[in-house]
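In this text the structure is predicted, and so the values were computed from the model without any measurement.
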Amino acid sequence: MIRFEDVSVRYEGAAEPAVRGLDLTVPEGELVLLVGPSGVGKSTLLGTVSGLVPHFTGGTLRGRVTVAGRDTRTHKPRELADVVGTVGQDPLAHFVTDTVEDELAYGMESLGLAPHVMRRRVEETLDLLGLAALRDRPIATLSGGQQQRVAIGSVLTPHPAVLVLDEPTSALDPAAAEEVLAVLLRLVHDLGTTVLMAEHRLERVVQYADRLLLLQAPGATPVLGDPAQIMAGSPVYPPVVGLGRLAGWSPLPLTVRDARRHAGELRERLARRTGGAGGAPAPAASGGPATVVPEDPSATVPADPATTSPADPATTAAPTTTVTTDSAAAVPADPASAVLADPATTSPADRANGAAADSAATVPAEPATTSPGRPAGAAGGRSVAAGTGSPSAGPRPGGGPFGVGRLVPRLLSGRRSRAAGAGRRAGHRDDGHPGIRGAERVAVVEGLAVRRGRVEALRRVDLSLAPGEIVALMGRNGAGKSTLLSSLVGLVEPAAGTVRVGGVAPHRTGPQELVRRAGLVPQEPRDLLYADTVAGECAAADRDAAAPAGTCRALVSELLPGITDDTHPRDLSEGQRLALALAVVLTARPPLLLLDEPTRGLDYAAKARLVRMLRGLTGGDPAPGPGSPRNPPVHAVVLATHDVELAAELADRVVILADGEVVADGPTAEVVVASPSFAPQVAKVLAPQPWLTVTQVTEALTWAE
């Protein structure tokens with residue numbers, strides 16, 4: 001179906017080709033997954049199939065790419081539209097109509113299909129992708145994940161023989177991603193559709209691929225092979241593969257189910273080496289169930305970590321046995337790319353990527369079991385893994401799941417200052433629901449309700465935030481996460497209830513004052529970037545924040561080394577734009593930092609860089625530079641994310657929204673393990689033990705030795 005014959009692509013001004021030496025055939029009815037670090041040419045390769053490269057992006061294409069017998073050098077994208085359906089990294093750039101139903105029909109109308117065929121296919125697609133309730137909605141009012149589903153649906157309705165998908169699940173919640181992938185599998189298996197897909201969240205898709213195409217470095221010869229064999233040597237891999245590498249399992253597992261079949265011996269090693277008595281430790285949520293507050297704040301649900309689902313959301317793994325508490329874990333290849341800033345060689349067609357490799361190492365989360373004198377529900381959750389905003393930061397006496405008399409105090413070294421500092425500010429209300437005491441609160445939301453036209457986006461939302469606290473907002477697409485962030489910066493006015501940030505109501509506060517109290521990095525960082533150069537963005541940020549000249553540029557230099565002043569923000573990759581937008585927001589040093597889907601388009605190493613950066617802002621890591629004192633906990637951070645691995649790695653607290661209401665709010669180790677949809681892969685594999693990430697397992701085994 002797709003034939004590459006000695007294909008190479010070089011962009012104007014580039015020293016090396018973005019893609020080189022590509023010679024392979026993708027047969028009909030196969031799902032091929034492109035894997036590799038950011039900036040290695042995955043998007044460029046996809047663009048050669050759809051004809052966007054070189055007809056739209058420019059550059060020089062050597063060799064030949066044929067799709068269903070059509071040469072993409074001589075056929076422009078519009079001449080391939082009946083054969084190839086393409087979904088890029090930015091759904092908004094894909095839309096040409098105003099409503100969901102019109103968008104689904106547009107491609108078929110352009111191809112001249114009969115009205116009755118169009119009607120039937122629109123209805124089928126609405127049902128397949130769970131869009132029926134949104135059929136009349138304006139696309140501009142949808143959440144990022146809903147827009148992504150519409151974009152995918154719009155290329156499914158014409159029934160193309162080839163689908164080219166670039167990060168198709170990046171904005172989807174775990175359940176929605178599973179639904180989309182199930183639809184793609186049906187097309188592959190039942191209709192013989194050929195799918196070529198690039199995706200950073202490998203844990204979601206690698207088990208469904210027939211073959212993997214590995215691009216290890218820019219211009220390197222791609223390697224095509226069996227998924228398990230490719231994963232054995234890939235510089236990027238999902239957590240379940242990282243766990244398999246660490247434990248020496250062969251063949252490497254690609255699914256949670258396969259990993260659990262291997263995991264018995266590893267569970268026993270962890271139980272022995274961490275001082276667990278008589279078998280496996282208790283699950284992280286066993287001592288205090290996650291708080292559920294739809295109506296009654298005291299209502300709880302028990303954790304069920306043993307439950308698993310086919311979709312294994314999220315990211316990061318760390319196969320090395322070296323403890324690395326303040327830096328990204330070692331990776332087999334491409335160490336130079338382990339930064340949030342993407343390589344300067346990123347091509348125009350590869351702009352939604354981050355960097356390359358693996359996640360920052362963490363330490364095990366303190367289990368939520370209760371100790372004498374501490375009430376159930378008051379456990380600090382992530383007090384070990386990322387520092388906590390609760391009073392439970394100290395080590396627990398006795399022989400609990402981690403053998404706390406021996407292991408936990410050692411693992412806590414280097415994390416104690418943040419936990420203790422945040423613990424002095426954060427408390428728990430009598431009902432066990434996490435709350436913050438007194439005037440130290442950065443933000444307080446009480447009984448918040450927000451309406452967006454006919455939609456009640458939020459209702460009866462309560463939330464408190466303290467300095468030094470990192471909170472992950474989670475929930476399905478359209479649950480109200482972005483609306484809640486918008487209410488904290490005054491972009492939407494409450495229909496009921498109150499929002500106070502730094503003691504003021506955001507929607508009644510002028511921008512010049514509010515920018516010093518709260519800053520939002522939206523789903524699309526470019527929405528904050530309007531100047532023609534990086535220097536122009538920095539100068540505007542300094543003026544807006546009334547900061548000394550050069551403040552923003554210093555932050556950019558730290559986050560984006562090597563980026564020149566005259567670089568246009570549109571020429572930056574997704575990870576670079578995120579870093580620039582973050583520097584713009586941080587120029588005013590707002591006590592409350594809000595990030596909406598910050599890992600969208602980032603690979604594992606880029607996320608590791610982001611984790612370290614956010615820990616530094618909340619006082620979790622030392623300031624940059626040798627011998628620097630530990631940062632004071634100035635900022636509180638709220639992340640709206642579908643990346644459950646990021647939440648497991650970073651968040652002190654997880655708040656889950658559903659249909660505009662808070663349905664769970666508690667320590668990370670309790671909340672994510674209690675939900676099959678939001679549990680990280682390692683938690684599913686090693687349940688009922690309390691481990692959340694590969695690096696926690698690595699450090700536990702290493703420290704115990």
Side-chain angles (χ1 to χ4, degrees), residues 232 235 237-250 252-253 259 262-277 279-282 284 315-333 335 338 357-367 382-387 395-396 399-419 604-605 607-608 611-612 615 620-622 645 648-650 669 680-683 685-687 689-705:
Y237 42 84
V240 71
V241 171
L243 194 65
R245 287 184 177 186
L246 174 66
W249 296 335
S250 182
L252 281 175
H262 290 282
E265 181 182 352
L266 179 58
R267 292 192 198 99
E268 292 176 3
R269 288 173 59 193
L270 289 167
R272 289 195 305 268
R273 296 188 182 189
T274 58
T315 57
T316 104
T320 178
T321 55
T322 302
V323 177
T324 54
T325 55
D326 283 323
S327 62
V331 295
D358 214 331
S359 66
T362 63
V363 284
E366 183 182 23
R382 294 307 309 280
S383 59
V384 180
R396 294 180 292 114
F402 282 83
V404 291
R406 297 181 292 124
L407 180 65
V408 169
R410 298 171 69 186
L411 292 177
L412 277 169
S413 61
R415 304 286 184 189
R416 181 71 65 204
S417 61
R418 175 183 171 196
Y604 297 122
K607 284 187 277 191
V611 165
R612 187 178 185 279
R615 281 183 179 153
D621 282 337
E645 297 290 343
E649 187 88 18
L650 182 63
Q681 283 193 318
V682 171
V685 172
L686 297 180
Q689 294 185 0
W691 312 102
L692 300 181
T693 66
V694 174
T695 48
Q696 291 179 5
V697 176
T698 301
E699 292 192 358
L701 295 175
T702 305
W703 280 112
E705 294 172 351

(request) For Glu645 and Leu692, work out which heavy atoms get closest and say how close. (result) OE1-O, 4.2 Å

(message) So which atom in Tyr604 and which in Pro238 form the shortest heavy-atom distance, rounded to 0.1 Å?
(response) OH-CA, 3.5 Å

(request) Enter the distance from Leu701:CG to Arg272:CZ here, rounded to the nearest 0.5 Å. (result) 10.0 Å

(message) I'd like to check the side-chain contact (heavy atoms from CB on, under 4.5 Å) partners of Ala232; sequence neighbours left out, ordered by chain and number.
(response) Leu252

(request) Taking all non-hydrogen atoms of both residues into account, name the closest pair between Pro239 and Gln681 and its distance. (result) CD-OE1, 3.3 Å

(request) Rounded to the nearest 0.5 Å, what's the gap from CG on Leu686 to CG on Leu266? Could you check? (result) 5.5 Å

(request) Starting at CD of Glu649, measure out to CD of Gln696 and round the result to the nearest 0.5 Å. (result) 7.5 Å

(message) Once rounded to the nearest 0.5 Å, what's the spacing between atom OG1 of Thr695 and atom CG of Leu246?
(response) 10.0 Å

(message) To check you understand the geometry: which heavy-atom pair defines the closest contact between Pro253 and Trp249, and what is its length?
(response) CG-CE3, 3.7 Å

(message) Looking at every heavy atom in both Val694 and Leu243, which two are closest together, and how far apart are they?
(response) CG2-N, 3.9 Å

(message) Could you report the tightest heavy-atom contact between Ala687 and Arg267, atom names first, then the distance?
(response) O-NE, 3.4 Å

